[in-house]
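Right, one structure below, let's go through it.
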Protein chains: 2
Amino acid sequence: MPRVGLKDLAKHLGLAEGTVSRAMNNYPDISLATRDKVQKAAAALGYKPNNTARRLATGRAEAVAYMMPTSRSAISTPFVSELLQGLGDALAKRAWDLLVVQPQTAEDELDTLRKLVASGKVSGVVLSRPAKTDNRIEYLKASGFPFIVHGRAKDARGYAWYDVDGQAAFADALDHLAALGHRRIGFIGAPSYQNFAQDRFEGYKAGLANNDFAFDPELVSIAELTDEGGERAASDLLAADVPPTALLCVNDVQAIGALAAIRAKGWVPGEDVSVIGYDGVWMGRHANPPLTTMAQPQSHSGRQLGDMLLSIIDGGDPTSFQVLRRAELVRRKSDGPPRAVISTIPTTSRERVK
Amino acid sequence: MPRVGLKDLAKHLGLAEGTVSRAMNNYPDISLATRDKVQKAAAALGYKPNNTARRLATGRAEAVAYMMPTSRSAISTPFVSELLQGLGDALAKRAWDLLVVQPQTAEDELDTLRKLVASGKVSGVVLSRPAKTDNRIEYLKASGFPFIVHGRAKDARGYAWYDVDGQAAFADALDHLAALGHRRIGFIGAPSYQNFAQDRFEGYKAGLANNDFAFDPELVSIAELTDEGGERAASDLLAADVPPTALLCVNDVQAIGALAAIRAKGWVPGEDVSVIGYDGVWMGRHANPPLTTMAQPQSHSGRQLGDMLLSIIDGGDPTSFQVLRRAELVRRKSDGPPRAVISTIPTTSRERVK
DNA sequence: CGCTATTCCGAAAGCGCTTTCGGTGACAAG
DNA sequence: CTTGTCACCGAAAGCGCTTTCGGAATAGCG
């Protein structure tokens, strides 16, 4: 089955290529009669335009790229497939393509991006998990190339982003624990060049300040974003002379590791030591015990990112697309009043579990 | 900063465009002297070839597509991001692009694929989770377009695939349970138009036959591939007059749901009722209790799929790329001898857990 | 030193589409 | 009947690169 091109179609119809092209693209200067005729014939012969030629001629790429985070830990990216789905949905309306680019190393990131925008392969980019100061963002801002970022860098001005407020979330979580009666609250974090890690750490400290607790470096431990990371960090923190009665973890998988560390000591999480995670991953409800967490809003972020990026490509002002969502406490079984304290009434209700 | 194109570069060097092009692509009929000169100048001026034009001229797409599974359940696709990473790595060696296409509905799949191959956007495709008889595979086979599938259809002849043997895995799992002393073993499955579901079901039945157990339709329940699905199916099965003493689940997330159902009845999973899952997802070890499962081999399947697809595009014989891996039992805490029976010695050792 | 082989590069023809520009015929207006 | 005005379509020039082909310059050889 030889590909049928525009030329074949034109010859078949006895029309000029240009005419056929315009007919296919619904130009107003083609009579409805011939337009119908052309489109019918196209369908009949199975004509599918060659996209590459089309792109070259129009200069429009009709595609956007998603740049994967380079972090090699597969665990840290369960959200990727959801995000891609959402992006795909957004692009489907225009039948645009989605390119996934994956820098091999962190140093390649900028260069990969440069090549990408120069190649003309895409007309917009979405970035994930920016560093605290991210040179990709600087570059894109300077070049005027349309882009949006999932998350924010420390400087969030002058570009489009979608993020959930990690700082507020951790301050809230800390308030919650304080209300339960906790006074020594530990923090398990991630390397702070990742801006989200920094954000959440700030939230922790802000929460401390709000409640007139002193910041104690002994109470924070930086670990990998894995269950083992959380486990190690938790057992370190818990080995102190006066261990914390509650642990705030930078994400759920660390928190789940922390639960294991607590059980390993023979303590029961949620009673002897409270643990609160962040993300709201599906598995949290099946953890042992079910994990209390600051859950990100469900609204399909990929879809939103896609829609916003398209608007920017259409000429919208990037700075008008900065949306900050708020995480929400979902209480399950891994938090409670500290052992040593007369139990106070919890301020929020627990999620029902079957 | 105006894009610097081939023309600019040529003018700058006082050479013909064609010469510069050949120099950039390391043609043998260009002297090393001018080649170096050209490549240096290219680097200096920041010349990046326009990929679209390049593709059009060469006819090579230098890109492959990954077609996402259409199933709307995000939970069923935690492996997507790993797979994409692997594919990305494989393609990176040639600097090829990875396109992610996402049919909006199951009916769109074939049409989307048709457009994709006709558009010339890619020179190969990878499919996931084929149906029992999958018309996409038929189409691609007939068209001669390079492709590979992650999984197999019922008819596995005449095309390339990478799969793990679900049938063997479930037969093995059943043997294991039989060796522990179980006689009534339930199966929680998925709709069988998905070939992997059918495969695993066959394995279950084969295992039954191997051990001279009768097949009892009362012991199988078909459910969604979610935790709730597993939970519902398990509580149905367990409500029988003579409930099964063990449950085989088509994947880990169902199995984790089944654990919840068992606990909800006040029973303890692994003692009153054994549960074995399939996949080996990360979370299994943190389930309550840690989940025994048939784990897929770790070897980065995305990477392998990518490498094989590239070989096929290079002209390799698709039928020479059919790799079948074997799943492996990893014992944790959700299996054991049935309550009513004098415990027999387990035949395999348990994974150590901290 | 003349002639044939090389080596290296320029010229030009595409790749398959889009889009501008101009021209033809029809039809209304003067 | 002439002129102007549309509505519609054909011709042709690209888009930015690759690649074939041939020709000029150089080298090799007797």
Side-chain angles (χ1 to χ4, degrees), chain A residues 2-39 41-42 45-63 95 97 115-123, chain B residues 2-39 41-42 45-63 95 97 115-123:
Chain A
R3 246 192 64 80
V4 25
L6 188 56
K7 184 151 50 176
D8 308 308
L9 188 53
K11 194 152 33 175
H12 173 83
L13 285 163
L15 290 175
E17 291 182 43
T19 307
V20 175
S21 169
R22 290 194 313 265
M24 291 301 294
N25 293 309
N26 298 317
Y27 270 57
D29 67 341
I30 298 290
S31 74
L32 279 78
T34 65
R35 183 208 290 180
D36 285 1
K37 204 167 47 180
V38 169
Q39 300 194 350
L45 298 200
Y47 165 72
K48 314 255 199 253
N50 176 314
N51 238 274
T52 309
R54 189 186 164 80
R55 287 209 238 274
L56 181 57
T58 59
R60 282 175 247 124
E62 306 200 335
D97 291 329
K115 267 209 273 282
L116 186 67
V117 330
S119 75
K121 283 189 279 214
V122 297
S123 32
Chain B
R3 247 192 65 79
V4 26
L6 188 55
K7 185 151 48 174
D8 308 309
L9 188 53
K11 194 153 29 174
H12 175 82
L13 286 163
L15 290 175
E17 291 182 42
T19 306
V20 175
S21 170
R22 291 194 312 265
M24 289 302 293
N25 294 309
N26 298 317
Y27 272 54
D29 67 340
I30 298 291
S31 73
L32 280 76
T34 65
R35 184 208 291 182
D36 287 359
K37 206 169 44 180
V38 169
Q39 299 193 352
L45 298 200
Y47 166 72
K48 315 258 196 257
N50 176 316
N51 238 272
T52 307
R54 188 186 165 82
R55 285 210 239 275
L56 181 58
T58 59
R60 283 175 248 120
E62 306 202 336
D97 291 330
K115 267 207 276 278
L116 186 65
V117 331
S119 75
K121 282 188 278 215
V122 297
S123 34

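Throughout, protein chains are lettered first and strands after them, A, B, ... in sequence-line order, and every chain is numbered starting at 1. Excluded from the calculations below are hydrogen atoms, water molecules and symmetry mates; all remaining heavy atoms, backbone and side chain alike, are included.
When heavy atoms are screened at a 4.0 angstrom cut-off, B:Asp29 is found touching base atoms of the nucleic acid. Among the protein residues, B:Gly59 comes within range of no part of the nucleic acid, since none of its heavy atoms lies under 4.0 Å from any strand. In this structure, B:Arg35 reaches neither bases nor backbone, as no heavy-atom distance under 4.0 Å exists between it and the strands shown. If you check every strand for non-hydrogen atoms under 4.0 Å, B:Thr19 touches a base. Residue B:Ser21 is in base contact, counting any heavy-atom pair closer than 4.0 Å across all strands shown. As judged by a 4.0 angstrom heavy-atom cut-off over every strand, B:Asn51 is placed among residues making no nucleic acid contact. Counting any heavy atom pair closer than 4.0 Å across all strands shown, B:Thr34 reaches sugar-phosphate atoms only and no base atom.
Across C:dC9, C:dT19, D:dT18, the shortest atom-to-atom separation from the side chain of A:Arg22 is found for C:dT19. The side chain of A:Ala57 lies closest to C:dC17 when the candidates are D:dT19, C:dC17, D:dC17. Listed candidates were D:dC9, D:dT18, D:dG16. Nearest to the side chain of A:Leu15 is D:dC9. Comparing D:dC8, D:dC17, D:dT19 by their nearest atom to the side chain of B:Arg54 picks out D:dC17. Of all nucleotides listed (C:dT19, C:dC15, D:dC9), C:dC15 comes nearest to the side chain of B:Leu56. Closest to the side chain of B:Thr58, out of C:dG16, D:dC17, D:dT18, is D:dT18. For B:Ile30, whose side chain is taken as the heavy atoms from C-beta onward, the closest listed nucleotide among C:dC17, C:dC9, D:dT18 is C:dC9.
Between C:dC17 and B:Arg55, no contact under 4.0 Å exists linking OP1 or OP2 to a side-chain N or O. Distances shorter than 4.0 Å separate none of the side-chain N or O atoms of A:Thr52 from OP1 or OP2 on C:dC15. The phosphate of D:dC15 (OP1 or OP2) has no side-chain N or O of B:Asn50 nearer than 4.0 angstrom. The phosphate of C:dC15 (OP1 or OP2) has no side-chain N or O of A:Arg3 nearer than 4.0 angstrom. For B:Tyr47, a side-chain nitrogen or oxygen approaches OP1 or OP2 of D:dC17 to under 4.0 Å.
Between the CZ atom of B:Arg60 and the C1' atom of D:dC17 there is a distance of 12 Å, given to the nearest Å. Note: NZ (B:Lys11) to P (D:dG16) measures 12 Å, nearest angstrom. Nucleotide D:dT18 holds its C1' atom 12 Å from the CD atom of B:Glu62, rounded to whole Å. Between B:Asp36 atom CG and C:dC8 atom P there is a gap of 13 Å when expressed in whole angstrom units. Rounded to whole Å, atom C1' of D:dT18 lies 14 Å from atom CG of B:Asn26. Regarding B:Lys121, its NZ atom lies at a distance of 18 Å from the C1' atom of C:dC15, rounded to whole Å.
When the nearest nucleotides of DNA chain D are assigned to A:Glu17 and A:Ser31 by heavy-atom distance, the more 5′-ward of the two goes with A:Ser31. Heavy-atom nearest nucleotides on DNA chain D were determined for A:Gly18 and for B:Gly18, and the one closer to the 5' end corresponds to A:Gly18.
A 4.5 Å side-chain heavy-atom check between B:Arg55 and B:Asn51 finds at least one atom pair inside the cut-off. Side chains of A:Arg35 and A:Tyr27 form no contact here, defined as non-hydrogen atoms less than 4.5 Å apart. Side chains of A:Glu62 and A:Asp97 form no contact here, defined as non-hydrogen atoms less than 4.5 Å apart. Using a 4.5 Å heavy-atom cutoff, the side chains of A:Val20 and A:Lys11 are not in contact. For the pair B:Pro49/B:Leu6, no side-chain contact is recorded, criterion being any heavy-atom separation below 4.5 Å from C-beta on. For the pair B:Asp8/B:Leu45, no side-chain contact is recorded, criterion being any heavy-atom separation below 4.5 Å from C-beta on.
Nearest heavy atom pair, residue A:Leu56 against residue B:Thr52, reads N-CG2, 3.5 Å.
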